[in-house]
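Have a look at the structure below before the remarks.
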Protein chains: 2
Amino acid sequence: MGSLDTPFPESSQSNFKPLDPEEFRKQAHQTVDFIADYYKNIENYPVLSRVEPGHLLNRLPTTFPQDSEPLEEILKDIQNTIIPSMTNWLSPNFFAYFPATVSTAGFLGEMLCTSFNSVGFNWLASPAATELESIVMDWLANLLNLPKSFKFSGTGGGVIQGTTSEAILCTLVAARDRALEKVGRENIAKLVVYGSDQTHSTFGKACRIAGILPSNIRSIETSFDTEFSLDPVRVMQAMKADIVSGLVPLYLCATVGTTSSTAVDPVNDLADVAERFGVWVHVDAAYAGSACICPEFRQYLHGVERADSVSMSPHKWLLTFLDCCCLWVKNPVLLVRGLSIDPEYLKNKPSESKSVVDYKDWQVGVGRRFRSLRLWLVLRSYGAGKLQAHIRSDVQMAKAFEALVVADPRFEIVVPRRFALVCFRLNRAGRVDSVDDLNRKLLDSVNSTGRLYMTHTVVGGVYLLRFAVGSTLTEMRHVDAAWGLIKEKADVLLGGVYEN
Amino acid sequence: MGSLDTPFPESSQSNFKPLDPEEFRKQAHQTVDFIADYYKNIENYPVLSRVEPGHLLNRLPTTFPQDSEPLEEILKDIQNTIIPSMTNWLSPNFFAYFPATVSTAGFLGEMLCTSFNSVGFNWLASPAATELESIVMDWLANLLNLPKSFKFSGTGGGVIQGTTSEAILCTLVAARDRALEKVGRENIAKLVVYGSDQTHSTFGKACRIAGILPSNIRSIETSFDTEFSLDPVRVMQAMKADIVSGLVPLYLCATVGTTSSTAVDPVNDLADVAERFGVWVHVDAAYAGSACICPEFRQYLHGVERADSVSMSPHKWLLTFLDCCCLWVKNPVLLVRGLSIDPEYLKNKPSESKSVVDYKDWQVGVGRRFRSLRLWLVLRSYGAGKLQAHIRSDVQMAKAFEALVVADPRFEIVVPRRFALVCFRLNRAGRVDSVDDLNRKLLDSVNSTGRLYMTHTVVGGVYLLRFAVGSTLTEMRHVDAAWGLIKEKADVLLGGVYEN
């Protein structure tokens, strides 16, 4: 935007330059220092925010400013009002959900991605954004030892989505449209999808978005017997029953590392079943996929070569910041058939030549950012070696925490640990409380200190505490201190009765 | 991630600290300077990339690195390999598509958003991210003079989506599920949606994703008679015909500022029609919505108070960088009903109290970034005054370009200019070429210089050139130079025959 000879009402503001390079340089340096200081002091902030609903609403103006405000004022508000109202995900004492991991390289990649603001909906709109994404998707496929059938260098290909939800939705649409071509477009109400009661709840949401009848979303029960993994025999029974009822089995979501307890579904055995019925198999390895860059964990992806698609989220465990979910498909043509648009104003020679990838046809939206830069910087800056070391270090810390739990007779491990999540609980009720209530109280009393944040889940009817190791800044001293706090609160709750 | 006593294979790497604050500070400063220099020198790069497909694929290694590489090496590759393969969207000579605008404040907001990596799927997971988003959505609603029925301070509410596609998809699911509750879940194949042949093609894509039969997506013809806006009479006819056929009119997408030629659909008159049939009205103001922060453009949103939802994308014209599409809905309950998930591991007291917003239930995905920071920084840093001045300056430059076109008898304005897009073309064919071919050649010869980038479209069967003013760094001198280049190439093409 520039100055003009023609005057207009706010003539004093006609020289407004929203992106003056030297002003940019100055303010961006200032903000870098603000952020570096935040990281330096992060242990001083409560992990779980302690504010009440409406806290920020009551402290920030509800009308927009008419005039400019200086950066200093804004940073002051962030320091004094925003940060205290945040749940600090990057705190080393964050053990909730799954950590969302970050790194300096990831941050720089994101800065560069932002700075170019390149809108790579098709190849021509940004050849670099498109080709770099294809390159890093093949790199990561190599690192995960995925077969050639998922790689551009083979017969498949990969794309970066924002979330697993989008990865599932896009592949589901591809599978759905393939099926409807056979059984008739009007028969969408006959399509059935399969997951377990441990499959991420976003699976059901994606299915509902794609028009699958809610009553046709099978959530197959799991139990302690299979450590909460999906039983292929039950899947077979469900699919057979649906066919008998005149329905059409469509899509199976197998999970490698479930959200509640990191259960691993037997991909290969499930593929045996799916194959019989022509069902699309998607492998959701959002969390545990990152671990599979280490040869000792790769076994959990056994059978992935038989799936139609697989996704994993480097924003969970590969240091990339949000949002970065990698999706590979064996047959990109099906994806493109379900998701392509071709308006006149986007027509161009490279697209018409079919010699390029147009990523707008691999996702829900049209516009897209230069997301691959982040992953590329992480992979290049750290190399496979450091990334593997990082995964192993987190797993070691989780093992160490597990050992602490096992050594205390008041506690029990509820589900075996596979990766860096420990599922545990106090195993004895107090005089008046049920075990569930006791653990609920323990969780509340620990979290309310602001000194750490853990979450809970229920599997097989059992309420348990989840201790997810892996926040980027976490060191063994934080794990030790966390255990100390948990024990201290347990002592109080149990009135010292079971103290060892 | 920290050091451990337990040794593991890569023990030399066990001290890997992906986010050391001082290393972060140093490298982030280095990258800020790299970016500021890019902005400073941006006019030296070709606007439209001139590389051939496979350029980057042939120049970057296809195997991932085993070891770390220094930042200097990576930045060198970005400078020498990535940037020359990019289409430089932020070049002041970018007049293609619609510009994607940026600002220093937007960049700082994005840095802060990234740095916190706060995953605000529900209120508890980041109270600040949730509440700030609600605040800025109300701010922007005020700036656009939207009625209380779209604001949290009234009875509605707003959410930041990544793209218009997602905004349409989410509201479509809400509308669809409301309709199916009445007519029966199994009747999805009876639902019909309405747009014009100028509606963004992503509308059809969203409808297909949501399971609407492709044959039930009405693309109503527009013409020069209405300046390519959607004719309510034709919509009425289409809806009546569908009802006679036993179908169920569901959703109407009205556009304020179409992609091809910035046509404006008559929202109020369309709402009259939609109301008769209980059809959900969505207003897509992706591009022109930003202009409506100026009172003189607000008229184009006339009737929005009768819509069920409205979206506009500050990443197009309000300086926020990608991705930032603002969606307001009148009845958040319907959105939540269509998109909510409620797994055990996300259950928490504030959500159960229903006193908070859980944004995971307002979007396709579950995870989400602290996107509101960007918009908040832009609104606070510049205030309404500068943002309005910025819109007006772009419109003035487009007017000036229009005047240059009008003054040259070889050219014509094809569709009246409303905002900052000029739709024009050479109006006389050469000896052998058709007018369309001539304009195609003109576009190619201009774009292939790398000195500017424009795109084309076809409306009413007419091939035309789109000159979209508004890239953040564009000043009047760039517009003048662009016109100079266009004239120069026209001279060559026409062999000087029509030179004035």
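Chain letters run A, B, ... following the sequence lines, proteins first and then strands; every chain starts at 1.
For the options B:Thr202, B:Thr164, B:Val364, heavy-atom pairs under 4.5 Å to chain A are most numerous at B:Val364. Contact count against chain B (heavy-atom pairs under 4.5 Å) is highest for A:Ala210 among A:Ala100, A:Pro343, A:Ser313, A:Ala210. Taking chain B as the reference chain and counting heavy-atom pairs below 4.5 Å, the highest number among A:Thr81, A:Thr31, A:Val119, A:Leu60 is found for A:Val119. Counting heavy-atom pairs closer than 4.5 Å to chain A, the top residue among B:Arg477, B:Glu186, B:Arg380 is B:Arg380. Of the listed residues (B:Val173, B:Ile83, B:Leu48, B:Leu90), the one with the most heavy-atom contacts under 4.5 Å to chain A is B:Leu90. The residue among A:Phe116, A:Phe34, A:Tyr38 with the most heavy atom pairs within less than 4.5 Å of chain B is A:Phe116. Between chain B and the residues A:Ser201, A:Gly162, A:Gly211, A:Ala189, the most heavy-atom pairs under 4.5 angstrom are made by A:Ser201. Most heavy-atom pairs under 4.5 Å with chain A: of the set B:Leu322, B:Thr259, B:Thr457, B:Thr163, this distinction falls to B:Leu322. Interface remark: of the candidates B:Pro214, B:Ser353, B:Pro350, B:Pro214 forms the most heavy-atom pairs closer than 4.5 Å to chain A. The candidate from A:Leu112, A:Leu71, A:Asp20, A:Leu169 with the greatest count of non-hydrogen atom pairs under 4.5 Å with chain B is A:Leu112. Among A:Asp323, A:Leu346, A:Asn187, the residue making the largest number of heavy-atom pairs under 4.5 Å with chain B is A:Asp323. Counting heavy-atom pairs under 4.5 Å between each of B:Ser115, B:Ala28, B:Ser165 and chain A puts B:Ser115 at the top.
With a 4.5 Å cut-off on non-hydrogen atoms, B:Asp138 does not touch chain A at all. The part of A:Leu213 that comes within reach of chain B is its side chain, from C-beta onward, which places non-hydrogen atoms under 4.5 angstrom from that chain. Proximity to chain B is absent for every atom of A:Ile212, based on heavy atoms less than 4.5 angstrom apart. If you measure heavy-atom distances from A:Val356 to chain B, the contacts under 4.5 Å come from the side chain alone. Looking at A:Gln27, both its backbone and its side chain come within 4.5 Å of chain B, counting heavy atoms on both sides. Residue A:Asn88 does not touch chain B at all, counting heavy-atom pairs closer than 4.5 Å. Heavy atoms of A:Thr101 lying under 4.5 Å from chain B belong exclusively to its backbone. In this structure, chain B has no heavy atom under 4.5 Å from any part of A:Ala129. The parts of A:Leu143 that come within reach of chain B are both its backbone and its side chain, each placing non-hydrogen atoms under 4.5 angstrom from that chain. Both the backbone and the side chain of B:Val102 come within contact range of chain A, with heavy atoms under 4.5 Å apart.
Although no hydrogens or angles enter the test, the distance criterion places a donor-acceptor pair under 3.5 Å between the side chain of A:Trp89 and the main chain of B:Ala125. Between the side chain of A:Arg176 and the main chain of B:Ile209, a donor-acceptor pair closer than 3.5 Å is present. A:Thr87 places a side-chain N or O within donor-acceptor distance of the main-chain N or O of B:Leu124, the cut-off being under 3.5 Å. No donor-acceptor pair closer than 3.5 Å links the side chain of A:Gln66 to the backbone N or O of B:Ala384. Side chain of B:Trp139 to main chain of A:Pro61: a donor-acceptor pair is present (N/O by atom type, distance under 3.5 Å, no hydrogens or angles). A side-chain donor-acceptor contact under 3.5 Å links B:Lys205 to the backbone of A:Leu339. Within the 3.5 Å criterion, the main-chain N or O of A:Gly54 finds a donor-acceptor partner in the side chain of B:Glu131. Of the possible donor and acceptor atoms, none in the side chain of A:Ser49 sits under 3.5 Å from a partner among the backbone N and O of B:Pro127.
Proximity of A:Phe370 to B:Met86: side-chain heavy atoms (C-beta onward) are separated by under 4.5 Å at one or more points. With a 4.5 Å cut-off on side-chain heavy atoms, A:Val136 and B:Phe64 do not count as touching. Residues B:Phe107 and A:Met111 form a side-chain contact, since some pair of their non-hydrogen atoms from C-beta on lies under 4.5 Å apart. Here the side chains of A:Phe24 and B:Ile35 are in contact, with some heavy-atom distance below 4.5 Å. When side chains are defined from C-beta on, B:Ile78 counts as touching A:Leu377, because their heavy atoms get closer than 4.5 Å. Counting only heavy atoms from C-beta outward, the side chains of A:Ser103 and B:Leu19 never approach each other to under 4.5 Å.
Salt-bridge formation is detected for the pair A:Lys40/B:Glu22: a Lys NZ or Arg NE/NH1/NH2 atom is positioned less than 4.0 Å from an Asp or Glu carboxylate oxygen. A salt bridge does not link B:Arg208 to A:Asp177: none of the charged nitrogens lies less than 4.0 Å from a carboxylate oxygen.
Note that CG of A:Leu56 is 6.0 Å distant from CG of B:Leu132, once rounded to the nearest 0.5 Å. Distance check: A:Thr104 OG1 to B:Lys17 NZ gives 12.0 Å after rounding to the nearest 0.5 Å. Distance CG/A:Asn142 to OG1/B:Thr63: 7.5 Å, rounded to 0.5 Å.
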Assess the residue pair A:Tyr97 and B:Tyr345 against the criterion (ring pair (Phe, Tyr, Trp, His ring centres under 6.0 Å)); give the C-alpha distance rounded to whole Å, side-chain angles, the decisive distance to 0.1 Å, and a yes or no. CA-CA 8 Å; A:Tyr97 312 112; B:Tyr345 47 81; 8.3 Å; no
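Across B:His200 and A:Val366, no two heavy atoms sit closer than the pair CE1-CG2, 4.0 Å. Considering every non-hydrogen atom in both B:Ser68 and A:Tyr382, the closest pair reads OG-O, 3.6 Å.
Residues A:Asn117 and B:His315 bring no donor and acceptor atom of their side chains to less than 3.5 Å of each other.
With sequence neighbours excluded, the residues satisfying side chain to side chain contact (heavy atoms under 4.5 Å, CB included) with A:Asp342 are A:Lys347.
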